[in-house]
*Asks:* 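Can you keep this structure in mind? I'll have questions shortly.
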Protein chains: 2
Amino acid sequence: MKVQVLYSGGQDSSLAAVMLETFFDVELVTCTFGSDAWKHAKKAAAAIGFPFSTVKLGPEVMDECIDLILKYGYPRYGINAVHKRALEALAAGGAKYISDGVRRDDHSPTLTMPEIKSLEDSYGVSYIRPLAGYGRHAIDTMVREHFEVAEGPAIEKSDYESEIRSSIKRQFGEKTEKRLFPVEHAQSRVTRRL
Amino acid sequence: MKVQVLYSGGQDSSLAAVMLETFFDVELVTCTFGSDAWKHAKKAAAAIGFPFSTVKLGPEVMDECIDLILKYGYPRYGINAVHKRALEALAAGGAKYISDGVRRDDHSPTLTMPEIKSLEDSYGVSYIRPLAGYGRHAIDTMVREHFEVAEGPAIEKSDYESEIRSSIKRQFGEKTEKRLFPVEHAQSRVTRRL
């Protein structure tokens, strides 16, 4: 049984991969809009020892995302839309089990239960969120025991945000980009499995 | 790191144990109101190779449960209340990580997110639901690959329901018991790890 896990190189999707490997053949998959940001994820995938591939999302997905971010004035719904399209891309590619590193307490990216049911029914796929039953403290402890992680605002990983921000900056300027993404989240990239 | 998993001997709590063993020292714990129904769970725990213990719930928990079942006319809220008390009993016993076999699509037993946060904050505990991110198809497949399971309406396991039903039957008669529990759920007990 093979599962494809949407992968950023960060600690959450890396932990999801380790959680699944008891039961599945895990393949890590990073979405790309065409930049080479996926290379950070490839490096992390190699560091923790899982096969890796990429899936290309079309420019219409980026447009939909940016429209939503501009409409609401913050990233949440745009990021959610990209995540949903990414899962659909895996399902459309023939995967029977698709997965990600979304946590119990995450607000974004996250699918609602009706969206999850619709995704599963439309594509005949099982969508697994291995971290959905775990709170922050448990996840932090498990990550600490199993991975060496590089952390800090300047750490490069392959999440959607970097490509989306670059595109917004290109189209609407740095001022708009900074307004829509005011908070610099602490980034993490997994560098080794312990 | 030790985790205590509420255990019935059924496939879901057995799967939860296997999911957690990569990260934790797993101990299976079965609740009892005083009958010897826990012995079925002990047998299943031995069959899949995890340490086992029991925790006694007081008669006031049974009373609370039966009051709720009589009030609503169906078992859901009563079973939920017992499950919450069982998790509290583990937390009060000093466990730092507590867990169960509740699925994504289960209606009962299940805690709401505010109840989960309250449990974690009140006791300084992490409550983990390993199956919370998995739908029915994925779980059924994983169970089939990892366990031999005895199934059928007459299979004895150590869930709350059997002791609660016995108590209702004793206090209010068989007619009331049958009215409150009209559906005979298919039971399962794990007999071997594959």
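Labels below follow one simple rule: chain letters A, B, ... track the order of the sequence lines, proteins then strands, and each chain is numbered from 1. What's counted below: heavy atoms across the whole structure, side chains too, no hydrogens, waters or symmetry copies.
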*Asks:* List the atom of A:A132, the atom of B:G133, and the distance in Å for their closest heavy-atom pair.
*Replies:* CB-CA, 3.7 Å
*Asks:* Please name the pair of heavy atoms, one in A:A16 and one in A:V5, separated by the smallest distance, quoted to 0.1 Å.
*Replies:* CB-CG1, 4.4 Å
*Asks:* Keeping to residues at least two apart or across chains, list the ring-ring contact (aromatic ring centres under 6.0 Å, His included) pairs with something in residues 162-184 of chain B.
*Replies:* none
*Asks:* Which donor-acceptor pairs sit under 3.5 Å apart between chain B and chain A?
*Replies:*
{"unit_1": "B:Y97", "atom_1": "OH", "unit_2": "A:H137", "atom_2": "NE2", "d": "3.2"}
{"unit_1": "B:Y97", "atom_1": "OH", "unit_2": "A:T141", "atom_2": "OG1", "d": "3.2"}
{"unit_1": "B:R104", "atom_1": "NH1", "unit_2": "A:E120", "atom_2": "OE2", "d": "3.2"}
{"unit_1": "B:R104", "atom_1": "NH2", "unit_2": "A:E120", "atom_2": "OE1", "d": "2.8"}
{"unit_1": "B:D105", "atom_1": "OD1", "unit_2": "A:K117", "atom_2": "NZ", "d": "3.3"}
{"unit_1": "B:D105", "atom_1": "OD2", "unit_2": "A:K117", "atom_2": "NZ", "d": "3.4"}
{"unit_1": "B:K117", "atom_1": "NZ", "unit_2": "A:D105", "atom_2": "OD1", "d": "3.3"}
{"unit_1": "B:K117", "atom_1": "NZ", "unit_2": "A:D105", "atom_2": "OD2", "d": "3.4"}
{"unit_1": "B:E120", "atom_1": "OE1", "unit_2": "A:R104", "atom_2": "NH2", "d": "2.8"}
{"unit_1": "B:E120", "atom_1": "OE2", "unit_2": "A:R104", "atom_2": "NH1", "d": "3.2"}
{"unit_1": "B:R129", "atom_1": "N", "unit_2": "A:G133", "atom_2": "O", "d": "2.9"}
{"unit_1": "B:G133", "atom_1": "O", "unit_2": "A:R129", "atom_2": "N", "d": "2.9"}
{"unit_1": "B:H137", "atom_1": "NE2", "unit_2": "A:Y97", "atom_2": "OH", "d": "3.2"}
{"unit_1": "B:T141", "atom_1": "OG1", "unit_2": "A:Y97", "atom_2": "OH", "d": "3.2"}

*Asks:* Side chain, backbone, both or neither: which part of A:L131 has a non-hydrogen atom closer than 4.5 Å to chain B?
*Replies:* neither
*Asks:* Kindly give the heavy-atom pair with the smallest separation between B:C65 and B:I79, and that separation in Å.
*Replies:* SG-N, 4.4 Å
*Asks:* Search all heavy atoms of A:I128 against all heavy atoms of B:A138 and return the closest pair with its distance.
*Replies:* CD1-CB, 4.0 Å
*Asks:* Do you know which two heavy atoms are closest between B:A17 and B:L28, and how far apart they sit?
*Replies:* CB-CD2, 3.7 Å
